[in-house]
Each structure stands twice: as structure tokens, then as C-alpha cells.
Enquirer: 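I have a structure I would like to understand better, so I am pasting it below and will then ask my questions one at a time.
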Amino acid sequence: MTDSSRYRPQEIEERWQQHWQSQGLALTPEPGPSGADGEAAEPYYALSMFPYPSGSLHMGHVRNYVITDVIARVQRLRGRAVLHPMGWDAFGLPAENAAIERGVDPGAWTDQNIAQMRQQLQRLGLSIDWDREVATCHADYYRWTQWLFLQFLDAGLAYRSEATVNWDPIDQTVLANEQVDGEGRSWRSGALVEKRKLRQWFLKITAYADQLLDDLPKLEGWPERVRTMQANWIGRSRGAELQFEVVDADGAATGQQIQVFTTRPDTLYGVSYVVLAPEHPLVASLTSAEQQLPVTAFIDLVGRQSDQDRTAEDSPKRGVPIGARVRNPANGELVPLWIADYVLADYGTGAVMGVPAHDQRDFVFARQYELPVQQVIIPEGADEHAYEGGAWTAAGVLIHSGPYNGLSSSEAQQRIIAAAEAGGWGQGRVQYRLRDWLISRQRYWGCPIPVIHCDTCGVVPVPAEQLPVELPQGLELAGKGGSPLARLESWVAVACPCCGKPARRETDTMDTFMCSSWYYLRYSDPHNSALPFSRAAVDRWLPVDQYVGGIEHAILHLLYSRFFTKVLRDRGLLGFDEPFSQLLTQGMVQGITYKNPHSGKYIAPADVADPSDPRDPITGEVLDTFYEKMSKSKYNGVDPAVVIDRYGADTARMFILFKAPPEKDLEWDDADVEGQYRFLQRLWRLVEAAADRGLLLSPRSGGFLLAPGSVPASASDQELRRAVHTAIAAISEDLDGDYQFNTAVSELMKLSNAMASQLEAASEPVALEALAVLLVLLAPFAPHLADELWQRLGANPDGDTSVHRQRWPQVDATALRRDTVTLVIQVKGKVRGQLEVPADADAATLEKLARDSDVAAKWLEGQPPRRVIVVPGKLVNLVP
RNA sequence: GGGGGCAUGGCGGAAGUGGUAGACGCAGCGCACUUAAAAUGCGCAGACGGCGACGUUGUGGGGGUUCAAGUCCCCCUGCCCCCA
């Protein structure tokens, strides 16, 4: 073989990328009748979660965009009109921090990063329609984020309110609940979040809690896990709101009421105290003179704790009585009123009834402060003395509950709620864990909230025709002390759009998740300068057919986007209920990681001399070896650019698709990358050798398949054809709905193996069919190599019949047919032998063949089988 | 504590509705080519026993249903994720 015909990806990939661009292969066609054949092109929308433009592409990005690219390319080959766009989630703190640290302009810094990442992405050979690119930090995009905010405001779904909020002391801003993790830390800075009472903007996502929850079962194309996570997050619980009268020292009603929320109204007779959150508004007025001091001290103490610390089940429960009593509305009993750390002001009514016998937290609390424990529920069928100890929190049968004795928990709940509603002391209520979405941020690099504060008119929206409210440029950013925009007096001071008097701009910017909650809608109509998108465009392309991204967005981004979609639907701006039909949550890309177990230090793989016996290069200690998400601090990252330089994008793509199923974590392994490179080289040699022998494809597009039903004369031709059509069937199935790229690649390998041994003996039409099918099936995975070989086979002499313009091949069922099949003979369920039998033999024939076989003779020892099970085409089981 | 998911060779992973476990690849071993190596090609390869044809055993552990279980049911163990 001449040297010039070796597979050198470095020499072909960039050329094809440029060629595809000049041919407009990735541009979004208008759906509808298209092409000479007049076939209707159905729209297909393939979308990856857009990246934050950090400036450098990592392997997680590569995996994400390659998966979506394969899907987009397959759909094009299947004749769909494909929308496959890309954009940038470009507002956010890294740009602002870079500005503070290095004195650069955040906008310029971001644009430079975008340019750099776009170039890195293009090296992967992605079929992205760059004409539809968006960046959330550009005014022609955020103008519409502001416009949409005003829609929320107009709908009564955006409001400003004073609330106890999460404050990130490092990033100097507030955060939404969704952005605080289980340990009470900021999702971005990792700082322990503090509680502050501030006046902030919220979106009323709770108004859509029911819909967001009830529509989850419709999302059949979503992983069960994500749906469960969202359901847990919304956390709907049904219960009751009950009123306890406050009484004075003599037991006379004072006229004040305490409202408690409970999911267990059936335990009402077991109440031995009532607890208020320390922040509850009635605490001050109800505290008795002698309890004043301890109550004040306690409130001060609790103020320094996080919600997580306060409500964790294993943390100690603390509280103080405030010196007042309330009356149980069911039995008239007087019980003390306490405040305690485990009750939160903004959850439910900020007050709970203490039922130590049937709630674990109440139980711990009651034990600690020697409050009475009254059992009112017993397990069904148990006697009332059978249980003693921890709280019995399950449902059961009521005791010590007056008229409700003997009822089941669920029946008692209904009756007690009914009694409360009739008696005017409570009602049934649904409670959510979901809080309203806090969207204001005291930072510069975000989308300005388009309202103006006027002393006369109050909060005035900026008129739509004055949008965008542009971010002022050239600001001095300090990173401390409130919103930077607030210090820019020339920007803040404006005339009220309503009355014309001097007024002040809102200086908070929006949470970046606002910007990312609607970008997938903008791609349908990215250049619209009159609206964020036209109803026609958005309804044509959406919902997104396939969305691909990381599981880390299971709650935040996906919940917010669903919320946006439902609100915009109710505003008549779009006509569907859910934004994403199918969701694929791809696993992480992990790198091999070495860690010194004693010092805890990470060691770079390059410093480990012998990977089979990894040791610390300095101390010689044996290192721990494991796979973990790639990151700089662990020295376990692999730079995509280095891999592409060395092996080409096609190898990187193939490796990443083959190594693991898409939703599982993927362990990066250089040896496997080499293996993948070898496979592509084998393909190259296989096709080149065929071309050298004069096997050439005519440029006619789509005409490479043999007529359906063709049966070649020779057995070897039939065998090759069977391999070809088996591959078509298997790969088509792997790419249908739930994606199994790993097995699809392995089917390509099998086809290539079959062709390597059978192609030379094959007749020309069968060989050409095999070659063409191989390259079309390969095209979505290794697009450069497939197009190069397609051309080398003569199928693209003028450059306009690219392999990517072909049609996905159809399976010819006759090619899969066999004359004989291997029949497995089992004796008592164990495989004892096999027999070649005619493929069309009926059950009786198969049974006879099996009974008469040597295997039967050997294992049945002359005894006739008691029973025979025949699975036609598969096996015969002889049971002695 | 509640919920969701997972467990298959040395490794990554395959196995429509129960029907030949280990496809495909990596690592490994043998052979060919080579002065040699690399590359390439051909072959072997779950474990145990046997020179062999074969046999036994085997999908985290234990039980069950079935002619037949990686797959279905029950119990247990371990790991991951979400919510407390």
C-alpha cells in the first residue's frame, strides 16, 4: 500500500469540515415538502444543553455534543428536517470574577471565550447550524429575557417581597433554594449559605406546582429518576390547617389564633404542645414577661443556624416555652406554646402541633423537655400496650381519640377535616415543599431586571419598546458591597415612564437560570427582532424531540424550563405543555485518578511510573487508583484538543460512543482510544483495498442497495448480504428511541469483520452494496472518515453527493433468511448438543430430529422423554 | 428513615416478550511476517478437572416459581443518586 493512502485524520478532517460548511449541510431546512421526490420532511429538533463559555472544552462537553450530533445526523439520513443549534449560557459569575481579578471587561472576556470554544467545537465535526447561535449576554437575546420577565410581571407571577433568603457570603449574592445543596452550601461557590432578610424578586413557580407535578407522568421519554427527583422536589403533601386558640392564664380565649399545618390530622388527640418558629410574627406579643429573656436569647441563637442544621433529623432539637397556652380544638385540652429550632417560619404556617407519640422529631423534643407523650394510633391488629419507645409514624387505628376511636388513620383524617371545616377551626390543605423562585441577584454580569421604582407610581415596568435595558459598560467592579449597578448613579437615575418624575432603576440582575429557561425556544426563530419567537416557528419545531445533558440539571434547569413553558402557553405565546419530549441524561466522563492515601494528595498520571504498581514519585508509597470525574485539581483530565491532534475527531467520537452506554459514567482509557483508532484504520484499509480492486460506487445517490428480495446465486454472497442487512437492522434499532450507541458501534465492527473476510470473494453488486451500507451506517459516528472513503469509492466526484446526503438503508428481510438454523438440544433444561435443521421445519419435525439425535441417545439412555418442549427455530428440551 | 437505580470474565460492557450467558472491544497469551522490534494478519481465552472428545460449575448471597431464570417473585448484602 502506498504511503499516501494511509489513514491520516489530520489531513482530512478540517477539509471535510470546510466542505460541509460550504455545502450548508448543517443548515436548518424548512420542514414540509422537500426534495425532488416531494417527500414531506418532518421537523426534528435535537438539542444539547448549552454550555457556559468558560473558554475551554472538556470531555463532558465532547460527550454531550457528540451524542446529540449522532442523533441529528441519523435523523437527517432518515429524511427529517433537522434543527441542531448551539448557543452560550453566557451570563454568570466567572466572567465577573475574571473582570475583578484581571481588570478585563466581562463582555469582551466572554466573547473571547465563546470564539475559542466555538472553534474547539468545530474541530469535532459537529453538524450544528451556527446561523442560529445565541448568547444570553448579548442584548439581542437578553432584550427578550426582559420582555418575558415583563410577561411574568403582567401575569402576576413576578413579585417583590421581603423574605428570609439564602445569602452566599463568597459570591455576595442571594441564591434560590434549588441552588443550595444538601449541606447548605452554594451550588457555585461552595460557601455555607447564611440567612438574611431582604427585599427580593420572586417568580411564583408555586402557582404551577400542581401542573408541574401532575404532568410528570406524561414525560414518558424522560428517565424515571429525573421524574422522581422533580416530584420529590415539588413535594406535595395533603393535610390540614388547624386553628388553636390562645388562652390567658385563666384559660379564657384571648382572641388570638395559632394556625398549624399538619399532614396527620388523625393524631390531633395526641397533641401535647404547639411549637412556633422562632421567627413567627406572634412570638413577640405572646411571650410572657418571665420568659422574655430566654426567648430572646434563643431567637438569637437560632438565627445563626442554617435551615439544614435546624431540621436535620439527627441534630438535637432545642426550644423554650414562651409562657402561653393554646386550646386543642378537638378536645379542649390546654397545651403549652413553645418555640423551637426545628420549625421553619416559611414552611407551612410556621407552626406545628407537637405529637410526640407519632412524629420522630416531636418525640425527641418531648423526651428532652419531659413533655407528655400520648399515644393515639396503634398498628392495626396490635393491642394498645404492645408498643412503647420511638414514635410510631405509620398509619394505624385511632385510640384515646374520643368519637374517632377505632377508625383507620385515613378515615379519621377525612372526618377530622370535615369536623374542622364544620366547626370553623380548620380546613383541608395541600402543602408543597417547592418555594417560589428567588430570581434577583446583586451582581453585575446578568440580565438587568427591567423595572423602575417610582415614589409616586411604585414598581413600574420598563415599556416593551424601551427594551433592552442595557447593561452599562466600563464599570469598576469590586466584588463587594451590594450590586455594582447600584453605584452607577447615571444609570440608576431615570424618569418614571409613568409620571415622568425622577425615579430609580432596579439594580438587581436576574438569576442566569432565567436566561437558560427559554433559549431552546429562541433557536426556533433566532433572528426575530419583533418578538422572542413567533408562535408559528415555536410550534413548528417544539417540543424538542431529543434533549441531551447532564443529570445535574435534573431539578434546576429542567424544572424552571417546564415552568416557563407552561406560563408562556397560558399567555398564548406557544401551544404545547412540555418543552422536552425525550431526555437523555448522559453520564460523566471520568479520568484515572491516583491519590496518596496518607497525605491525601492527588498525583498526576504522568508522574506515575508504573500504572500496574502506582507509587508516589516522591515518597514511594502505594497509591489508591480509581476513576473520578475529570477535574484540574485531581490532575485526571484529558484535553480533547490533544486527543484530536493525535487521533482525530472521528476516533474521539467513536471511542466516547463505544466505551459505555450514554447514560452511564465513562472511564477514559488511552488503550481503548488506541483500539478505536485501529478500528478506523482497518476500515480505511478495507475500503481502500476495495477501491484498488476497482470496486467503485456510482455517484447516483440512494441507488446502492440491491433490489429488495434479491437473492445472490452464491452462498458466500448470501452470507455477506446477511451480515450487511443484519447490521442495518441492529444499528437502526440501537438508534431508535432509547439510544445504544455502544452496541451500534460494535455492530459496525462486526460488519467490518465480516467484510474483511468475505468482500474479496463477493460478486461486484453485493460487494458494492456492502461498502455503501457500511459507509452510510458509519457516517453519523465518524463523519469525516465516512465522507472521505465515500469519495474515494467514487461516489462523490463533484462534491455534492456527500455520504451525509444519502438515505438511511432499509433492511431487506429476504437477506436475513436462512435455509438452516442451529437447533439447541436440551435435556432437562441443560444444553447437551446442537443440530443443523431446516429453518422452516415444524415443531413435530424438530421433536423427531431431537429424539433421534445422538445427543438424545447419549443422555436419555434409551428411556423415552416424559415431556418435550419445542421452541421452533430455537431449541428442543427433552425432559426424562 | 422514605424513594429511585445498580451488582455479569482481569477490565469496559453484550444478552426482543424467560429459551445456547459472556457479543464487540481493551488488556493478556500463542503463531505467522521481520535480523529484531513496532505495525499487521491468523488463532486461543469465565473458572475448575482432563492429553483429548468432554464433564462439572458459573451472572453479589440465600430461597422460590418454571421443562427452562442474568431476566420473574421473596429475603439479605454492598455501592450510587435524590429527598428528609
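Numbered from 1 within each chain, the chains take letters A, B, ... in sequence-line order.
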Enquirer: Is A:R227 near enough to B:C83 that one of its side-chain N or O atoms lies under 4.0 angstrom from OP1 or OP2?
Expert: no
Enquirer: So what does A:F658 hit on the nucleic acid, given a heavy-atom distance under 4.0 Å: a base, only sugar-phosphate, or nothing?
Expert: base
Enquirer: Examine B:C67: is either OP1 or OP2 under 4.0 Å from a nitrogen or oxygen in the side chain of A:R867? Give yes or no.
Expert: yes
Enquirer: Can you give the dot-bracket line for RNA chain B, where a pair is Watson-Crick or G-U wobble with both atom distances under 3.5 Å, crossing pairs use [ ], and | marks a partner on another strand?
Expert: (((((((..(((......[....))).(((((.......))))).((((....))))..(((((..]....)))))))))))).
Enquirer: Of the nucleotides B:C67, B:G3, B:C82, which one has an atom closest to the side chain of A:I555?
Expert: B:C82
Enquirer: How far does the P atom of B:A39 sit from the matching atom of B:G28, given to the nearest Å?
Expert: 10 Å
Enquirer: Using 30° and 60° as the class limits, which term best fits the ring planes of A:H553 and A:H557: parallel, tilted or perpendicular?
Expert: perpendicular
Enquirer: Side chain of A:M749: nearest nucleotide among B:A27, B:G4, B:G25?
Expert: B:G25
Enquirer: Taking all non-hydrogen atoms of both residues, which atom of A:E847 and which atom of A:V870 are closest, and how far apart?
Expert: CB-CG2, 4.0 Å
Enquirer: Pick the P atom in B:U59 and in B:G25, then give their distance to the nearest Å.
Expert: 26 Å
Enquirer: Given B:C82, B:U40, B:C26, identify the nucleotide with an atom nearest to the side chain of A:D672.
Expert: B:C26
Enquirer: Base, sugar-phosphate or nothing for A:R682? Non-hydrogen atoms, less than 4.0 Å.
Expert: sugar-phosphate
Enquirer: When you check the side-chain N and O atoms of A:Q230 and A:R562, is any donor under 3.5 Å from an acceptor?
Expert: yes
Enquirer: With a 4.0 Å heavy-atom cut-off, tell me which residues in residues 726-736 of chain A come close to RNA chain B, sorted by residue number.
Expert: none
Enquirer: Name the nucleic acid region contacted by A:V879, choosing base, sugar-phosphate or nothing; use a 4.0 angstrom heavy-atom cut-off, strictly under.
Expert: sugar-phosphate
Enquirer: When the P atoms of B:G58 and B:G22 are considered, how many whole Å apart are they?
Expert: 16 Å
Enquirer: Select one nucleotide: of B:G13, B:G19, B:G55, the one nearest the side-chain heavy atoms of A:L875.
Expert: B:G19
Enquirer: Mapping A:R832 and A:W233 onto RNA chain B by nearest heavy atom, which one lands closer to the 5' end?
Expert: A:R832
Enquirer: When rounded to the nearest Å, what value does the distance between P atoms of B:G60 and B:A69 take?
Expert: 15 Å
Enquirer: One pair to check against ring-ring contact (aromatic ring centres under 6.0 Å, His included): A:Y627 and A:W668. What are the steps and the verdict?
Expert: CA-CA 8 Å; A:Y627 283 90; A:W668 189 272; over 10 Å; no
Enquirer: Expressed in whole Å, how much space separates the P atoms belonging to B:A27 and B:G78?
Expert: 36 Å
Enquirer: Can you tell which of B:A23, B:U20, B:U56 lies closest to the side chain of A:S746?
Expert: B:A23
Enquirer: From the set B:G25, B:C83, B:A23, return the single nucleotide nearest to any side-chain atom of A:N232.
Expert: B:C83
Enquirer: Starting at atom CD of A:E224, determine the distance to atom C1' of B:C6, rounded to an integer number of angstrom.
Expert: 15 Å
Enquirer: Given atom CD of A:Q681 and atom P of B:A39, what is their separation to the nearest angstrom?
Expert: 11 Å
Enquirer: How many Å lie between CD1 on A:I234 and P on B:C82, as a whole number?
Expert: 17 Å
Enquirer: Please state how far atom CG in A:L434 lies from atom C1' in B:C83, giving the value in whole angstrom units.
Expert: 14 Å
Enquirer: Could you check whether any side-chain heavy atom of A:Y739 comes within less than 4.5 Å of a side-chain heavy atom of A:V70, counting everything from C-beta outward?
Expert: no
Enquirer: Of the listed nucleotides (B:A27, B:C81, B:G25), which one gets closest to any side-chain atom of A:R678?
Expert: B:A27
Enquirer: When you check the phosphate oxygens OP1 and OP2 of B:G13, does a side-chain N or O of A:K664 lie under 4.0 Å from one of them?
Expert: yes
Enquirer: If the test is side-chain contact (heavy atoms from CB on, under 4.5 Å), which one of A:R653, A:K659, A:M749 qualifies with A:Q676?
Expert: A:M749
Enquirer: Using the P atom as the point on both nucleotides, what is the distance between B:A15 and B:U71, in whole Å?
Expert: 16 Å
Enquirer: Determine whether a donor-acceptor pair (N or O, by modelled atom type, separation under 3.5 Å) exists between the side chain of A:D624 and the backbone of A:P597.
Expert: no
Enquirer: Which of the following nucleotides, B:C81, B:C24, B:G41, is nearest to the side chain of A:R685?
Expert: B:G41
Enquirer: Rounding to an integer number of Å, can you tell me how far A:I869 CD1 sits from B:G18 P?
Expert: 15 Å
Enquirer: Give the minimum heavy-atom separation between A:V226 and A:A554, together with the two atoms involved.
Expert: CG1-O, 3.9 Å
Enquirer: So which one's nearest nucleotide on RNA chain B is more toward 5', A:G829 or A:M229?
Expert: A:G829
Enquirer: Whole angstrom is fine here: how far is it from CZ in A:R225 over to P in B:G4?
Expert: 14 Å
Enquirer: Select base, sugar-phosphate, or nothing to describe what A:N877 touches, counting heavy atoms under 4.0 Å on all strands.
Expert: base
Enquirer: From C-beta outward on A:P661, which listed nucleotide comes closest to its side chain: B:G19, B:G55, B:A14?
Expert: B:A14
Enquirer: Does A:Q810 CD have over 12 foreign heavy atoms under 6.0 Å away?
Expert: no
Enquirer: What distance, rounded to whole Å, do you find between the two P atoms, one in B:A23 and one in B:C11?
Expert: 15 Å
Enquirer: Answer yes or no: does atom NZ of A:K634 have more than 12 heavy-atom neighbours from other residues, nucleotides or ligands under 6.0 Å?
Expert: yes
Enquirer: So what does A:Q826 touch, heavy atoms closer than 4.0 Å: a base, only the sugar-phosphate, or nothing?
Expert: base
Enquirer: Checking contacts here: which listed nucleotide (B:C26, B:U20, B:A14) is nearest the side-chain heavy atoms of A:V831?
Expert: B:U20
Enquirer: Could you tell me how far B:C76 sits from B:G3 if I compare only their P atoms? Round to whole Å.
Expert: 13 Å
Enquirer: With the 90 degree cut-off around zero defining syn, does B:G9 come out syn or anti?
Expert: syn
Enquirer: If we count only N and O atoms by modelled type, under 3.5 Å, do the side chains of A:Y647 and A:E674 hold a donor and an acceptor together?
Expert: yes
Enquirer: A:F781: what forms a ring pair (Phe, Tyr, Trp, His ring centres under 6.0 Å) with it, not counting sequence neighbours?
Expert: none
